[in-house]
Each structure stands twice: as structure tokens, then as C-alpha cells.
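Every chain is numbered from 1 and lettered A, B, ... according to where its sequence line falls, protein lines coming before strand lines.
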There are 2 protein chains.
Amino acid sequence: MKRAPTLNDVAELAKVSRSLASLVFQDSPKVSDQSRKAVLKAAEKLGYQPNESARRLKSTHTKSIGVVLTDIHNPYYAYLFYGVESASSDSDYKILIGNSGFLSDELNQRPQIMKSRQIESIKNIRSQMIDGLICSSLRTTPDELRAASRNLPLVIIGHTPSNLITDFDVVATDEAFAAYLVVDHLTSYGHKKIVHISGGTDDGPAYRSKAFVAEMRKRKLSASARVLEGHWSQEAGYDCTEEILKSTDRPTAIYAANDLIAMGVLAKLKEQGLRVPEDISVIGYDDSQFAQLHLTNLTSVKESLFEMGRLGFELLTTRLEGKRGTNSPQLLRIKPDLIVRTSTGPVSKKSK
Amino acid sequence: MKRAPTLNDVAELAKVSRSLASLVFQDSPKVSDQSRKAVLKAAEKLGYQPNESARRLKSTHTKSIGVVLTDIHNPYYAYLFYGVESASSDSDYKILIGNSGFLSDELNQRPQIMKSRQIESIKNIRSQMIDGLICSSLRTTPDELRAASRNLPLVIIGHTPSNLITDFDVVATDEAFAAYLVVDHLTSYGHKKIVHISGGTDDGPAYRSKAFVAEMRKRKLSASARVLEGHWSQEAGYDCTEEILKSTDRPTAIYAANDLIAMGVLAKLKEQGLRVPEDISVIGYDDSQFAQLHLTNLTSVKESLFEMGRLGFELLTTRLEGKRGTNSPQLLRIKPDLIVRTSTGPVSKKSK
DNA sequence: CTGAAAGCGCTAACAG
DNA sequence: CTGTTAGCGCTTTCAG
């Protein structure tokens, strides 16, 4: 197994100097067409690939940014990532992927581990000489994060604990608008008694349920709004629905904090022989694959994850280019859409 | 923004030579406790992080391997990846992630783009000085792959086109055993008339349907076995089921080539008022989140993706360590499990 | 447009 | 155990 060809080998074969060959691979305009061709031909022949490590080593300004995803398995982060990648491929920046290396399901049970993993992951990717960093779903404190990212421009995309929002650049969803969409849609169908099953009491889910309550209050429907505390699982939906069905004052619509919870809701409803949407309307959040099943056809809130990824990348690069160097942290809130399917409908005469 | 501290800075602060400091970060045993502590303290104070690029540059033997996943969004690849990552964290190898950067759904429509992307992605990751490569879901020809990976040990994990199997190290699922599990389970419930909805005529799906046919033949049930050509979508399941229900000789069980197809099957069945499993049994493949929904409770084949990832990593590292240097390519077939849920049951008296 | 020379941060002999 | 020395492959002045 002989070693890979180097720039030297290429230059030699092409009968030019090393530096000239280097210029060719930087697409520099100050190379004669003739030399360029000779170099490219030699490179082709040798199967030459520039050595990124050597490149990075030389220049402080590496034109590459790191992306730390909590869990590449989760479609949520994957879509964010595609936004970032798409934006990067329109630029001359390269992307390095870091992964905190645990399934988010497991991690949600163990925020402590997740936190240390994330810090580790950031340190790890820093060791590759990057110009900036994009992170998502951080569980760290502002101090820890600042320490780990020191001197490195950082943008957070996606769900963001509120304690990080004021100190860093953030691109997140406009949850208030999401609540507006949901409540507006339901009330337009005549629903008033609406129950929200939350994702828990953590910062993120709490924000979503507060937005719901606020929106209901705005419409003077506080009295008929209700929030049940759940968590990100089918079981939460299933159990909460059981609870809901027991009550004498049954709601006409259920708003689940995500689609998985909504799946639990639907399962319980089916078990009880209740029809959707005739007997009760159900609405989810994420517009995940679950919502898109023919079997469920779930009306759901769709975040613009791809766009958020793109914006995060752009925010970072404008910072890097110094166009916004010393400005205070920015917060971009992106408006989601509501994808209306058949799990929501008008309030039936009977339940009125 | 001052530049990051280097090993030199650390050594200076700790009042030792550069090389000694270097040894400390390599966990070398030949450093006195005293020096080690001094160095570590200095590093801590400066916030020093070893520069990976410089490290890589120095040693030909980088102790890191590249992983090229077609689509990090797809849970299938994600689980494979976790296996790889898990094995790597038990070793002293580092992992570099490459991503071909497209959603697999889109790519399935455009194999040509996918192919070139994969080659590009491999070249890309090669530029980082890696010792070996793990890939999944390749669409390239053996020649292209050999060219892209030349001199670099390579292991393929997961679905693998048969034309690649003989030439490279491969860790894949034992599809014949999967078929055995499915048919054995169904026949034990008395099913004989079984329809398989395939994922298409490509190499991968074709292998799965052939395995089904072979298994039925082995049990002398060829006459009552039937294969409908579908593709990896709900719609295929939905449409094929419509087809199936039209036929006079209705089967008692449907085996879908993956869970998504099974979702389409269930949707159609529900629409027609048919009960599962009382009227008809349904079985899927992947044990995906769809199968795990309370709403569907789908019996499904579960591949050991995590284990395949681990084995792929181990196969690669044993190659790297030269323990199996010149041997011919290896093929490891991993046996899947059948997760039995409530979408399958005994043949009803009526349909008998 | 081209070539010579210096050095990025680190590791790996090799002597003390 | 510790320090000296010499590059890894590439980019980047700076003179031709």
C-alpha cells in the first residue's frame, strides 16, 4: 500500500513548481491555461486528492464550519442539517459533522450525560480548525457553552432553551405563531373546548404550551382551554386521552405537542370507538411521517426546518465575514405552517 | 480574536519541551507524574485543544476511519452508524462522518445523481487522511468503487447490491432467514395463501422477494404464494391491497417488503372495513416506528442494524491491523429477528 | 505568470 | 525520563 500522491508528485509530473500547482487547486486566476491543464492532467493520472489536513494546518482561515447535531437519527435534526448543508453548498464553505453520539430518546432521560456529550462533541470538532460552529438542541448552560466555544462564532438552530437565547445567535420557530395557526384553525371549525397535551415541563415544551394558553386567552377562550402535562411519547397521548375521555366536560379537539403524542391519542380514540374528526378533532405538531400516513392523515404544524438550517448558516457566515462582527446576538423566529388534513373537522351537532 | 493556544504555548507555560508535552497528550507512559500534571494544568489554563489536522498530517497511520452514509436522515443508516460509532468508542479509532447530502426518498428516484454523489463523498472524506472506510447503500459499480477507494480498506454495511458482494468486505442481513421467520410465523398460524408486496425490481428488494418465494417453495406452498411488484411507499401498499381485495382467491396474509408499504396496506384494509388480524394478517419489515405505533401494532422483521454496524467496524479494523490483510473479501450475513405484535393471528374459520 | 523559501502545529526518532 | 532535530503536505510571501 503505497502512500497517496502529493502536490509535489503532481508538480513534478507536470514539470512545474509546487506553488504553481497549489494555485491551480485554489482556482486561482493567475495561472496560464497551459500550466493549469498540465497540472490537472497530472493530478488526474496520479489520482491526486489535496490533503485537507495540510491545508487546514496552514491557514487560520479554513473556510469550514462545524455542525454539532445532537442526534442524527432524529428527522428533526436531519432536516435542519440539510438546510445547513444546502446553504453551504451554495457557498465556498465546507461542513464538518459532529455528532453527540446517542439516540435522543435515550438522552432525554439523561440530560446530564447529554450535556457533557455535547460539550465533548464541541471540543472535538474544534480540534479540526473550524471558523465557526452551528449547534442544535443544546442542553448546556450559557457559561459552559461560552467556555466550549470561546473565540468561535456560534449559531444555535432549532429548539433552544430560553436561557441561551439572549446570549447567542439563534434561529428558532415562532411558537406563538404556531399556536395562532392551531387555535385559529380549530376555532374556525367552531371548536372552543380544546385540550393541549404537552411535551413536559422542560423549557422547550413549556414554551409551546404557554403559547397555546396565551393564544386562547387572547381569544377569550381561557375558560375552555386546558393543558395536560405529558411527555414526548405515544403513551402520554394514550394515557392523557383516557383521562380526557373520563371527564364529563369532554373537549371537541385535542392539540398534541407532537405527532407521536397524537399517535397515542388516535390509538386510544380508536380503541374507544370514537371517530376522528366526527367525534373529536386531533391536531399534531412536526408534520412527521406519522402525520403523513393515510391511516392517520393528521393535521399538523410544520416547522420550516430546512429554512432554519439555511438561515443559521447565513447568519454564521455573515458574522464570519465580519459584516456584523460586534453586534449583539440575534434572534430569528421562523413562522411555521399548518398542514391541514382530515383529522380535524367541524364540531359535530351532537357535541355542541 | 487571538489564535488558539498551541502545544508550544503549553510547553512553555509548563516549562517543559514541546515533545514532552506531546507525549502527555498521547497518554504515553514514559512521562513523570510531575511533568504530566504540570502540562495538564497548563493546558487547562490555556484551554488547549490538540490540533487534529496537524496530528493527521504527521502520521500516515491516523487511527481514524471515514463513514459515508447515504442519508443520515434515514433511520436505517442512522442505526447502522450508531453501531459503528459504538464500536469505535470502544477502540482508539476516531470516526469522520461523510454524508452524500440528499434525502434518500429523492435519491431513489435519481440513482445516477446518487451514484456520483457517493463517489464525490468518498473522495471528499479521503482527503482527510483516513485509514479505512465504511460505506452503506452504495449505488456504484465495482469498478467505480474500487477506483474511488483505491488503496483504502473498505467495508460495506447494510443493503448491498449483489454485484458488489463478491469484491468487497460486506456485512448484510440474512434475507433468507428473514423469509424463513416470516413464513414460519404465518404458517404456524395456519396461513397458506400469502401475498408479498415487493419494494421493486432493484437488486435489494428483488433479493427479498426471491427469498420469500424460495421459502414458500421449500414448504411446498409455491402454488399459494404470490408476489406483487410495488415500491417503497404507502401508495404501493394501498394500491396493491386494492388489487388483492379484488381477486376472488383472497389471501389470508400480506407480507409487505417494508413497514411503510404495510402502512398503506393497513389504510386500505381499514377503509374497506376489514379487521386485522381477524380478517387478514399483515406483516412488515424494518420494525420501524410505524410498526411500534399502538395504532398499528405491526408484526415486523427487525434487522440487527446496530450489530451490523459494530461488525462492520470490527471487520475493518482487523483488516487494518493486518490480521487479515490479503485474505479474500468476506461476507457476513446477520440473522434478523421477528417482532411479533397483534397484526398477525390465526386464520379465521370463515376464510378457511 | 513562475519558483524559492519559510513555516503552520504536531510527532517521531534519537541522543542525552 | 527529557530535549533536540527534522519534517508531514500544503500555502504564502516575495522576488524574478
Side-chain angles (χ1 to χ4, degrees), chain A residues 1-40 42-43 46-64 92 94 123 126-131 151, chain B residues 2-40 42-43 46-64 92 94 126-131 151:
Chain A
M1 185 152 88
K2 54 181 182 292
R3 64 177 234 313
T6 77
L7 190 57
N8 242 322
D9 303 332
V10 175
E12 222 162 77
L13 185 65
K15 296 194 204 307
V16 297
S17 77
R18 214 161 65 252
S19 36
L20 178 54
S22 173
L23 260 355
V24 171
F25 292 108
Q26 289 165 75
D27 281 327
S28 162
K30 29 186 173 180
V31 180
S32 69
D33 253 23
Q34 198 185 349
S35 312
R36 161 170 283 117
K37 264 181 209 146
V39 170
L40 256 23
L46 261 39
Y48 169 75
Q49 275 292 120
N51 183 328
E52 270 302 321
S53 306
R55 263 193 179 167
R56 291 204 138 64
L57 185 53
K58 191 58 199 186
S59 25
T60 13
H61 177 235
T62 61
K63 281 280 179 188
S64 54
D92 53 347
K94 274 147 284 171
K123 280 189 181 160
R126 283 207 67 158
S127 68
Q128 315 253 357
M129 303 280 89
I130 49 178
D131 293 344
N151 287 334
Chain B
K2 53 183 183 287
R3 61 181 235 312
T6 77
L7 190 57
N8 242 323
D9 303 333
V10 175
E12 222 163 76
L13 184 65
K15 295 191 204 309
V16 298
S17 76
R18 216 161 66 252
S19 41
L20 179 54
S22 173
L23 290 184
V24 171
F25 292 108
Q26 290 167 74
D27 282 326
S28 161
K30 31 185 170 173
V31 180
S32 71
D33 254 23
Q34 200 185 346
S35 311
R36 164 171 279 116
K37 265 182 207 146
V39 170
L40 257 24
L46 262 37
Y48 169 74
Q49 275 290 121
N51 183 329
E52 270 302 321
S53 306
R55 263 192 180 165
R56 292 204 138 66
L57 185 53
K58 191 58 200 183
S59 21
T60 13
H61 176 236
T62 61
K63 282 280 181 187
S64 53
D92 53 349
K94 273 148 286 174
R126 283 205 69 156
S127 68
Q128 317 253 358
M129 302 279 88
I130 49 178
D131 293 345
N151 288 333

Mind checking whether [X] and [Y] have side chains closer than 4.5 Å, heavy atoms only?
X: B:Gln128; Y: A:Arg56; answer: yes
X: B:Asn51; Y: B:Thr6; answer: no
X: B:Leu7; Y: B:Ser22; answer: yes

[X] [atom1] to [N] [atom2]: how many Å, rounded?
X: A:Asp27; N: C:dC1; atom1: CG; atom2: P; result: 15 Å
X: B:Arg56; N: D:dC10; atom1: CZ; atom2: C1'; result: 16 Å
X: A:Lys30; N: D:dG16; atom1: NZ; atom2: C1'; result: 15 Å

Are the side chain of B:Arg36 and the backbone of B:Leu23 linked by a donor-acceptor contact shorter than 3.5 Å?
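No.
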Look at the side chain of A:Thr62 and the backbone N and O of A:Met129, then say whether any donor-acceptor pair between them is shorter than 3.5 Å.
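Side chain of A:Thr62 to backbone of A:Met129, a donor-acceptor pair under 3.5 Å: yes, one is there.
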Side-chain N or O of A:Ser35 versus OP1/OP2 of C:dT2: is the shortest distance under 4.0 Å?
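So the side-chain polar atoms of A:Ser35 do come within 4.0 Å of the phosphate oxygens OP1 or OP2 of C:dT2, strictly under.
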Around atom NZ of B:Lys94, are there more than 12 heavy atoms of other residues, nucleotides or ligands at under 6.0 Å?
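Yes.
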Look for any protein N or O under 3.5 Å of an N or O in nucleotides 9-12 of chain C and output each such pair with its distance, or none.
residue	atom	partner	partner atom	Å
C:dC10	OP1	B:Tyr48	OH	2.5
C:dC10	OP1	B:Asn51	N	3.2
C:dC10	OP2	B:Leu7	N	2.3
C:dC10	N4	B:Arg18	NH2	2.8
C:dT11	OP1	B:Arg55	NE	2.4
C:dT11	OP2	B:Ser22	OG	2.8
C:dA12	OP2	B:Gln26	OE1	3.2

